Amino acid sequence: MPTFGLVDCNNFYASCERVFQPSLIGRPIVVLSNNDGCVVARSQEAKALGIVMGVPLFKIRDIVELHDVVVRSSNYALYGDLSERVMSILAASAPQHEVYSIDECFLDLDRLPVKDLTGWCHALRRRTKRWTGIPVSIGLGATKTLSKIANKLAKTSAKADGVIDLANHPEWIVAALGKTPVGDVWGIGRRWSAMLNERGITSALELRNAQDGWVRQRMGIVGLRTVHELRGIPCHELETQPSPKKTTCCSRTFGHAIADKDQVRNAIISFAERTAEKIRNSGQVCGSMQVFITTDPFDTSAPQHSASASTTFMTPTADSRALVAAAIGILERFWRDGFSWRKAGVMLLDLSPAGDIQPTLFTNHVASNGLMQAVDRINDRFGRGTIGLGLSAKDAEWRMRQEQLSPHYTTRWQDIPRVRMSEQVPSGAEA
DNA sequence: TCTGGGGTCCTAGGACCC
DNA sequence: TCTGGGGTCCTAGGACCC
């Protein structure tokens with residue numbers, strides 16, 4: 001029987017905010033989405049106040065004021081960097097591992113020369129906390145799905161102290177599944193949860209006991225795999241090699257709706273530049289591109305419309321100039337006056353390794369690659385957007401709001417925290 | 001007033017082929 | 001009158017994840 005471990009950082013974004021600002025410990029914190037729109041992360045204290053995931057900030061203004069909730073814009077530079085630190089500790093502890101998301105990592109604990117797995121997990125928790133400041137919980141199970149459930153229980157059970165092993169305690173499984181709402185099972189989202197509830201299946205245990213044929217018919221092969229995983233039959237392997245992306249996307253909701261074509265074009269241009277940087281960074285080229293714009297679905301008084309179109313490249317490319325030109329061309333094709341646009345995006349599709357390009361007679365890859373490499377190096381060294389195609393204004397109206405942004409403590413020299421020494425050191429000394 | 005962004009996989013149906 | 005069987009590829013849409 002395999003043993004999967006799932007390490008999950010507790011309230012990750014909120015915990016990151018606390019690492020360099022310990023005065024936030026014990027206080028309710030919410031972290032907002034881009035544009036400071038919705039709540040995307042909450043500290044335990046904020047969850048206890050009844051603030052739910054995804055709620056728009058303006059709907060919880062009263063709670064925020066009444067309980068003095070700390071509000072932060074999302075600081076992905078900080079979260080990404082702390083994530084890498086946590087993951088490197090996990091990688092050193094369990095060589096066979098899969099970084100599953102910014103705050104989660106699956107571990108293969110089978111071949112570990114360890115007798116007391118629970119003790120080993122507690123030690124790993126302590127080490128991660130001490131070295132990074134980030135608290136984690138660890139769940140163990142015979143499948144990924146079961147390790148997810150174990151992890152969730154490890155977070156909520158006071159007795160568990162952050163670690164629960166369902167793999168070596170099969171006698172706990174029925175109770176664990178019985179108290180897990182079916183919607184909390186990995187792979188069961190809102191739609192399926194509602195459908196299952198309607199049919200009297202409310203717990204993970206009831207889902208585990210459902211008939212295969214029925215599950216296959218209602219939820220397809222994907223749902224059936226989840227049910228098998230609940231029974232301890234692994235259907236999802238550990239993926240130790242991150243697989244290359246097949247698509248990539250850059251999209252934004254604008255600060256406010258925009259009717260002016262030039263401004264929308266400027267936004268599209270910078271999205272196209274950003275996606276181009278992304279795929280060059282991963283050593284890929286794209287075979288086709290899609291551009292889309294939509295009006296504000298929440299503004300019921302305004303006429304609604306969404307438009308999108310795509311184009312295919314004769315030779316796959318990652319050249320900013322080619323991608324920006326293509327994006328502008330696509331926008332021209334579907335642009336319509338008379339609407340106020342609220343969101344736009346550029347998607348690159350059919351990504352493939354840059355080395356696989358079949359050159360044609362009509363493109364000069366060597367010159368293109370050299371220029372793009374120079375651009376990327378300059379931006380890497382002096383900051384994103386230092387140089388570009390000179391078409392997109394820095395202070396454009398569509399740029400996102402980030403009014404509560406914490407410093408980039410670990411990734412920007414001028415933001416490095418300063419530590420003031422205590423009395424016994426001459427005043428003014430800083431480290 | 002104010003509502004995120006970036007991905008994956010699967011399936012059904014249509015076009016087309018022999 | 002009576003109109004097969006088997007396959008591929010592509011796309012749009014729906015479900016899910018963090």
Side-chain angles (χ1 to χ4, degrees), chain A residues 6 8-9 11-13 30-42 51-62 64 71 73-76 79-80 83 98-106 144-145 148 151-152 182-196 215-226 229 235-236 239 242-257 271 274-275 278-279 282 287-288 290 292 294-301 306 308-310 312 342-351 398 400-404:
Chain A
L6 175 65
D8 191 320
C9 301
N11 314 310
F12 183 55
Y13 295 172
V30 296
V31 179
L32 303 177
S33 61
N34 286 330
N35 263 329
D36 290 349
C38 295
V39 171
V40 296
R42 306 152 294 159
I51 298 173
V52 295
M53 189 70 171
V55 68
L57 179 62
F58 72 86
K59 286 191 180 170
I60 55 164
R61 279 288 179 204
D62 289 350
V64 168
V71 177
S73 305
S74 31
N75 184 345
Y76 287 104
Y79 311 151
S83 172
E98 171 189 348
V99 176
Y100 177 66
S101 73
I102 193 165
D103 69 338
E104 287 170 273
C105 186
F106 286 107
K144 282 182 167 180
T145 304
K148 277 271 199 180
N151 188 289
K152 198 151 228 167
V182 75
D184 285 359
V185 174
W186 190 44
I188 306 297
R190 265 219 321 277
R191 282 290 168 77
W192 283 355
S193 179
M195 183 276 288
L196 290 166
V215 174
R216 177 70 177 82
Q217 195 199 336
R218 309 292 312 204
M219 303 160 70
I221 193 73
V222 179
L224 190 57
R225 283 206 275 256
T226 295
E229 286 245 320
C235 301
H236 301 293
E239 288 166 29
S243 44
K245 279 195 179 45
K246 295 168 180 171
T247 67
T248 198
C249 171
C250 179
S251 70
R252 288 289 178 278
T253 299
F254 302 143
H256 56 84
F271 300 162
R274 180 70 196 116
T275 54
K278 281 194 192 179
I279 63 168
S282 60
S288 60
Q290 186 175 6
F292 66 88
T294 62
T295 51
D296 185 350
F298 296 101
D299 186 355
T300 46
S301 62
S306 72
S308 83
S310 56
T312 302
R342 190 67 205 286
K343 180 175 177 174
V346 172
M347 298 172 72
L348 303 185
L349 317 166
D350 302 321
L351 301 185
W398 57 267
M400 61 186 182
R401 274 194 300 272
Q402 285 197 312
E403 289 167 358
Q404 318 286 342

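Basis for what follows: all heavy atoms, side chains included, without hydrogens, waters or symmetry-related copies. Letters A, B, ... are given to chains in the order of the sequence lines, protein chains preceding strands, and every chain is numbered from 1. None of the values given here were measured: they were computed from a predicted structure.
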Worksheet item: Passes side chain to side chain contact (heavy atoms under 4.5 Å, CB included), A/K152 versus A/D184? Steps please.
Response: CA-CA 9 Å; A/K152 198 151 228 167; A/D184 285 359; 4.0 Å; yes
Discussion item. Quick check: on DNA chain B, is the nucleotide nearest A/S243 upstream (toward 5') of the one nearest A/S251, or the reverse? Name the residue that is more 5'.
Written reply: A/S251
Item to complete: Answer with yes or no after comparing the ring centroid distance for A/F271 and A/F292 against a 6.0 Å cut-off, counting only values under it.
Response: no
Practice prompt. Please confirm whether A/K144 makes a cation-pi placement over A/F106, using NZ or CZ under 6.0 Å from the six-membered ring centre and within 45° of the ring normal.
Written response: yes
Item to complete: State, without any angle test, whether A/S301 and A/D299 hold a side-chain donor-acceptor pair at a distance under 3.5 Å.
Response: yes
Discussion item. Need one value for A/R218: base, sugar-phosphate or nothing, where a base atom within 4.0 Å counts as base even if backbone is also close, heavy atoms only.
Written reply: nothing
Worksheet entry | Side-chain touch A/C38/A/L57, heavy atoms, less than 4.5 angstrom | no
Worksheet entry | Note: A/K148-A/E229 ion pair, threshold 4.0 Å (strictly below) | no
Worksheet item: Quick one: which of A/T247, A/T312, A/D350 gives a side chain to side chain donor-acceptor pair (under 3.5 Å) with A/S288?
Response: A/D350
Discussion item. At 4.0 Å (heavy atoms only), tell me whether A/K144 reaches a base, stays on the sugar-phosphate, or touches nothing.
Written reply: nothing
Discussion item. Under 4.0 Å, heavy atoms only, any strand: does A/I188 hit a base, just the sugar-phosphate, or nothing?
Written reply: sugar-phosphate
Practice prompt. Describe the nucleic acid contact of A/S74 in one word from base, sugar-phosphate, nothing, applying a heavy-atom distance below 4.0 Å.
Written response: nothing
Worksheet item: Which is true for A/V185 with a 4.0 Å heavy-atom rule: it touches a base, it touches only sugar-phosphate, or it touches nothing?
Response: sugar-phosphate
Response to the item:
Checking N1-N3 plus N6-O4 or O6-N4 for Watson-Crick, or N1-O2 and O6-N3 for wobble, each under 3.5 Å, the partner of B/dC18 is C/dG5
Worksheet item: With sugar-phosphate meaning primed atoms plus P, OP1 and OP2, does A/L57 contact a base, only sugar-phosphate, or nothing at under 4.0 Å between heavy atoms?
Response: nothing
Worksheet item: Given the C1' atoms of C/dC17 and B/dG4, what is the spacing between them in whole Å?
Response: 15 Å
Practice prompt. Check every strand shown and say whether A/R274 touches a base, only sugar-phosphate, or nothing at a heavy-atom separation below 4.0 Å.
Written response: nothing
Discussion item. For a quick check of understanding: with a heavy-atom distance under 4.0 Å over all strands, which category does A/R190 fall into, base, sugar-phosphate or nothing?
Written reply: sugar-phosphate
Worksheet entry | Nucleotides bounding contact with chain A, strand DNA chain C, heavy-atom threshold 4.0 Å | C/dA15 to C/dC18
Item to complete: Classify the nucleic acid contact of A/D36 as base, sugar-phosphate or nothing, counting any heavy atom under 4.0 Å across all strands shown.
Response: nothing
Response to the item:
By nearest-heavy-atom nucleotide on DNA chain B, the more 5' of A/P244 and A/F58 is A/F58
